[in-house]
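Before any comments, here is the structure.
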Amino acid sequence: MEIASLGGFPAVQFCVSLAPEMFSRSVNIFLSSSGTSMPVIRTLSKVAKQALLSTPGCGCQPLTVAVRNISFSPRQVTSDASFHSVSFSETDHPKVLITGGLGQLGVGLAKLLRKRFGKNNVILSDIRKPPSSVFHSGPFIYSDILDYKNLREIVVNNRITWLVHYSALLSAVGEANVALARSVNITGLHNILDIAAEHGLRLFVPSTIGAFGPTSPRNPTPDLCVQRPRTIYGVSKVHAELMGEYYHHRYGLDFRCLRYPGIISADSMPGGGTTDYAVQIFHDAIKSGKFECNLKPDTRLPMMYIDDCLRATLEVMEAPTETLSMRTYNINAMSFTPEELAQELQKQMPELEVTYDVDHVRQAIADSWPMNFDDSNARKDWGWKHDYDLPELVQVKFLVSVHVSDSDSLSAARRKLKWSVDPRNSAWSNDDSKFGQKMLERMGWSKGKGLGRSEQGSTEHIKVKVKNNNCGLGTSASHEDNWIAHQDDFNELLAQLNSCHGQNNQLTSTEPQPEEQKGFSLEEKSKTSRKRVHYMKFTKGKDLSSRTETDLNCIFGKRGRSAREQEQETNSSDSQDEAEKTSSPAPTELDTESITKTVTSTLSMQEYFAQRMAQLKKARVDS
Ligand SMILES: NC(=O)c1ccc[n+]([C@@H]2O[C@H](COP(=O)([O-])OP(=O)(O)OC[C@H]3O[C@@H](n4cnc5c(N)ncnc54)[C@H](O)[C@@H]3O)[C@@H](O)[C@H]2O)c1
Ligand SMILES: C[C@@H](O)[C@H](N)C(=O)O
């Protein structure tokens, strides 16, 4: 037994060497300085007994071992983890930490868990700044999962008992940032596993349909089959499944994992996955009536509405241990193609236009994923049952409030919109039996004709327009897309500058330019600009040819001459002027060398100006 000290806390390290070929098992127990020694001794003997009795590698009993180290290290696990973590009895509410909580799923899960366990028992964490609505809805804490010490501190200080690990880089973003995905999805997971094991937490890590690959059965994909994914996201998720199960069997970690399908959320935007189109289509349909899909129309993938996904997560976390015959389950709800989703949406919105512009990276990923999930084990073991199929999903997306975000669902304040099933009012225009239409027809109007005596009025029915701002009714100024207009102007200007000064010009500069290709003139452009102030302020202001000599002296800091001096000079030099005019440059062709006057002095600035002032004063007194 050796006694060490760490950060002011005495630490007792107990090492038991079992056999030369086995690594040393160590258990660290930290005592607060005020702690008594008896419970420690009791625990030590308990741990020692357990360590001596358990046989490493049997795979049945959790082992008491150091996770990463032979000697002293903060990253250690005991099978008796509840000794220095807060034990969670079934009657208490769990204290939950959600990592990566500001993504598509975290905020919704926090809401559900807070309803169940109380607001202060669920802490959201992320590396991003939460929008104020999230910040004020319950505890939020900054946590980078790559910072092990910080994570550990959060778990200890907040007496966390459940950890829901949502931080990850999703499939498409992961392929574009492999090194970061490897670090967040794999190194981050190692931190989470160690902390959860060390502190006896119940750990939930979501996996995905992306944990399967092209060699897995695709329709349906069972829980247990070949898993050879071709994305860093998929590889990291298989790694998470296997490591979690390994920690469960080896160290008794209460690891629970669900393989989610693509999740369709109501009020949060997806974070860069292959299934994102199925969320985006709703937002674009409502916003513009158009959607461009980045997957082929017949790409079939398993999908789930967010409410089902979050409920499944809570259910599996609450499931009694004995009901779980496995630690990683598929869960399924529906399976559809973009074409089928579009058709279902068009039942609500017949005008919706869907076009396809395939993103080949996403398409290749989707083609390697399951088309349908077999989730019979989840249904059998803990009673999983989904509520939403495609028609209900589409209905609910139109009937519930949709939070529309500007560009990033979390970085901007959310605006709440109420959508009717028929936002374009087409049900009215398509229904010939409506009273209004009948009355108009009786007065001589027919479809396609304008209203009014000479049919000069509107030819279309009134459509619902969303007023999603605080401006007065009828305000036409749009600020939302101003930046796009500015961007267009700027691009145009750049293009003009390029054509004037750019490569093309240089390459052909020896060739004579035709009259009409004279190039871009900023002066001409700004003269014609509606904003005359631009011409006055920027273009004319830079044109020195129109400036008087006095102005130029001011601009270049040249000392001005008195009226008397000027007069004398004019008289004396009248005769020379003619000759000089022919040889010296025109006043507009400035010789900057002659204007620039460099003075070298050993004086300090203050001394120099004091001397100059004294000279000026003396000159004035003399004259
Ligand atoms: N959304 C889906 O369709 C879906 C499907 C299957 C599985 N999943 C899994 O569910 C989990 C949550 O998914 P999501 O859609 O909310 O993801 P998301 O991409 O929307 O959110 C992930 C969050 O992780 C955070 N994060 C990134 N790096 C971090 C770091 N170093 N430390 C802490 N946080 C960090 C991000 O800021 C982000 O808020 C992920 O593990 C994902 O793989 C999601
Ligand atoms: C399927 C899931 O893991 C995620 N939505 C992705 O597409 O990457």
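For ligands, and for the atoms within them, numbers begin at 1 and follow the listed sequence.
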Q: Would you check whether G106 has a nitrogen or oxygen atom less than 3.5 angstrom from a nitrogen or oxygen atom of ligand 1?
A: no

**Q.** Any donor-acceptor N or O pair under 3.5 Å, side chains D381, S325
**A.** yes

Q | Winner among A240, S268, P261 once heavy atoms are compared against atom 5 (C) of ligand 1 | A | P261

Q.
I need the atoms of ligand 1 closer than 4.0 Å to a non-hydrogen atom of S207, numbered in the order shown.
A. 6 (C), 7 (C)

(Q) At less than 4.0 angstrom from any non-hydrogen atom of D126, what atoms of ligand 1 do you find? (A) 23 (C), 25 (C), 34 (N), 36 (C), 37 (O), 38 (C), 39 (O)

Q. Of all the non-hydrogen atoms in the protein, which one sits nearest to atom 5 (N) of ligand 2, and at what distance?
A. T275 OG1, 2.8 Å

Q. Do N177 side-chain atoms and L180 backbone N/O form a donor-acceptor pair below 3.5 Å?
A. no

Q) Would Y260 and T313 count as having a side-chain donor-acceptor pair, cut-off 3.5 Å? A) yes

Q | I145, any N or O under 3.5 Å of ligand 1 N or O | A | yes

Q) Does ligand 1 have any atom sitting under 4.0 Å from a heavy atom of C309? A) no

Q. Do side-chain atoms of D374 reach the backbone of P222 as a donor and acceptor pair under 3.5 angstrom?
A. no

Q. Which is closest to atom 14 (P) of ligand 1 by heavy-atom distance: Q104, H165, M303, M304?
A. Q104

Q: Would you check if the side chain of H248 reaches a backbone N or O of L253 as a donor-acceptor pair within less than 3.5 Å?
A: yes

(Q) When you measure from the heavy atoms of W369 to every atom of ligand 2, does any distance fall below 4.0 Å? (A) yes

Q. Does a donor on one side chain sit under 3.5 Å from an acceptor on the other, for S171 and T231?
A. no

Q: Please identify which atoms of ligand 2 are closer than 4.0 Å to at least one heavy atom of T208.
A: 1 (C), 2 (C), 3 (O)

Q.
Let's go through R256 and T321 carefully: what are the C-alpha distance in whole Å and the side-chain angles of both, what is the deciding distance for side chain to side chain contact (heavy atoms under 4.5 Å, CB included) to 0.1 Å, and is it a yes or a no?
A. CA-CA 10 Å; R256 300 172 186 218; T321 307; 3.5 Å; yes

Q.
At under 4.0 Å between heavy atoms, is it the side chain or the backbone of I365 that contacts ligand 2, or both, or neither?
A. neither

Q: Hey, can you tell me if W382 and Y329 have their rings parallel, tilted or perpendicular (30° and 60° cut-offs)?
A: perpendicular

Q) Among Y260, Y142, Y233, which one has a heavy atom closest to atom 42 (C) of ligand 1? A) Y233

Q) E241 and S207: side-chain donor and acceptor closer than 3.5 Å? A) yes

Q: Have a look at L105, V184, I306 and point out the one with the heavy atom closest to atom 13 (O) of ligand 1.
A: L105

Q. Which ligand 1 atoms does S143 reach within 4.0 Å, using its non-hydrogen atoms?
A. 32 (N), 33 (C)

Q) With distance as the sole criterion, is a donor-acceptor pair present between the side chains of Q346 and E351 under 3.5 Å? A) no

Q) What atoms of ligand 1 come within less than 4.0 Å of a heavy atom belonging to D144? A) 30 (C), 31 (N), 32 (N)

Q. At what distance is the nearest protein heavy atom to atom 7 (O) of ligand 2, and which residue and atom is it?
A. T274 N, 2.6 Å

Q.
Counting only heavy atoms, tell me which of G210, G272, A168, G271 gets closest to atom 22 (C) of ligand 1.
A. A168

**Q.** N332 side chain to N372 side chain, donor-acceptor N/O pair below 3.5 angstrom
**A.** yes

Q) Considering only heavy atoms, which of S167, G101, P206 lies nearest to atom 34 (N) of ligand 1? A) S167

(Q) Please report whether ligand 1 has a polar contact with L169, defined as an N or O pair separated by less than 3.5 Å (distance criterion only). (A) no

Q | Sub-4.0 Å atoms of ligand 2 with respect to non-hydrogen atoms of Y233 | A | 2 (C), 3 (O), 8 (O)

Q: Could you tell me whether K237 approaches ligand 1 through its side chain, its backbone, both or neither, with non-hydrogen atoms closer than 4.0 Å?
A: side chain

Q.
I need the atoms of ligand 2 closer than 4.0 Å to a non-hydrogen atom of S171, numbered in the order shown.
A. 6 (C), 7 (O), 8 (O)

Q) When you check the side-chain N and O atoms of Q363 and D367, is any donor under 3.5 Å from an acceptor? A) yes

Q: Kindly assign one of parallel, tilted or perpendicular to the pair W384 and H386, based on the angle between their ring planes and the thresholds 30° and 60°.
A: tilted

